[in-house]
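Note that the numbering runs from 1 along the sequence shown for the chain. Source: prediction; values computed, not measured.
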Amino acid sequence: MQNKTEEEFIPLKSERQLAKLFRIIPIFRKNKELQKTITDWAKEMLTEARAEWCAMRAITIESVIKTDRKQQATNRGKRRDEKYVPFREYFKNLQRQRYISYKNAGQKMTANGFVRWFLENPPQDIKIPYCKENQKNKLIQLAQANNREFKKAFE
């Protein structure tokens, strides 16, 4: 057969089977035009199939990469979160003590009030892990979550 481009490539094994078919069946052997038509059809069919395979392969690879990136992000988040655990426990215990003392005094301790007090009286034995710009917001979020938990436990 003639020179083949990437799109018009018939694998050697398939090409041999096609040539064998052309030699065996009398109608194909005598009719070169029919041989060319069938060969062109096979090339076109393979070109379309290859395009579909490439598209499916690209989608599959994209999905695998997306899943892997998502898993890596989750793992990074877990590792980052692990460094905050000691501080969160310290913060929670301190907040629990203040919550109980306020409750015993008949007062209500808000998350914002506790964070304000906490920032005015920073701990000497543990470092606040959040960056300065976002520190107050993160502490308020943590205090609010702790307060919700305390309300469920003590009421």
Give a yes or no on whether Glu62 atom CD has more than 12 heavy-atom contacts from other residues, nucleotides or ligands under 6.0 Å away.
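Count not over threshold, so no.
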Counting only pairs under 3.5 Å, give me each side-chain donor-acceptor contact of residues 110-121, with atom names and distances, residues two or more places apart or in other chains.
| unit_1 | atom_1 | unit_2 | atom_2 | d |
| --- | --- | --- | --- | --- |
| Thr110 | OG1 | Gly113 | N | 3.0 |
| Asn121 | ND2 | Trp117 | O | 3.0 |

Closest contact, heavy atoms only, Lys151 versus Tyr99:
CG-OH, 3.4 Å
Qualifying residues under side-chain contact (heavy atoms from CB on, under 4.5 Å), relative to Ile38, sequence neighbours excluded
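Counting only residues at least two positions away or on another chain, Ile38 forms a side-chain contact (heavy atoms from CB on, under 4.5 Å) with Leu18, Phe22, Phe28, Leu34.
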Sequence-distant partners of Asn134, side-chain contact (heavy atoms from CB on, under 4.5 Å), two or more places apart:
Cys131, Asn137, Lys138
Glu44 and Glu48: CA distance, side-chain angles, deciding distance, side chain to side chain contact (heavy atoms under 4.5 Å, CB included) verdict
CA-CA 6 Å; Glu44 186 178 315; Glu48 289 174 8; 3.6 Å; yes
In Å, rounded to the nearest 0.5 Å, how long is the span from [atom1] of [X] to [atom2] of [Y]?
X: Tyr130; Y: Leu139; atom1: OH; atom2: CG; result: 6.5 Å
X: Ile10; Y: Met45; atom1: CD1; atom2: CE; result: 8.5 Å
X: Ile27; Y: Asn31; atom1: CD1; atom2: CG; result: 7.0 Å
X: Tyr102; Y: Ile100; atom1: OH; atom2: CD1; result: 14.0 Å

Restricting to side-chain hydrogen bond (donor to acceptor under 3.5 Å, both in side chains), what partner residues turn up for Arg96, sequence neighbours left out?
Asn93
For residues 67-86, which side-chain donor-acceptor pairs fall under 3.5 Å, sequence neighbours excluded?
| unit_1 | atom_1 | unit_2 | atom_2 | d |
| --- | --- | --- | --- | --- |
| Thr67 | OG1 | Ser63 | O | 2.8 |
| Asp68 | OD2 | Gln72 | NE2 | 3.0 |
| Gln71 | NE2 | Asn75 | OD1 | 3.2 |
| Thr74 | OG1 | Lys70 | O | 2.9 |
| Asn75 | ND2 | Gln71 | O | 3.4 |
| Asp81 | OD1 | Arg88 | NH1 | 2.7 |
| Asp81 | OD2 | Arg88 | NH2 | 3.3 |

Stepwise, does the side chain to side chain contact (heavy atoms under 4.5 Å, CB included) test hold for Gln95 with Asn147?
CA-CA 8 Å; Gln95 187 178 358; Asn147 267 0; 3.0 Å; yes
Are the side chains of Tyr90 and Ile128 in touch, meaning some heavy atoms are under 4.5 Å apart?
no
Test question: given the 4.5 Å side-chain rule for I, L, V, M, F, W and Y, name all other residues clustered with Ile65, or answer none.
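Cluster partners of Ile65: Ile61.
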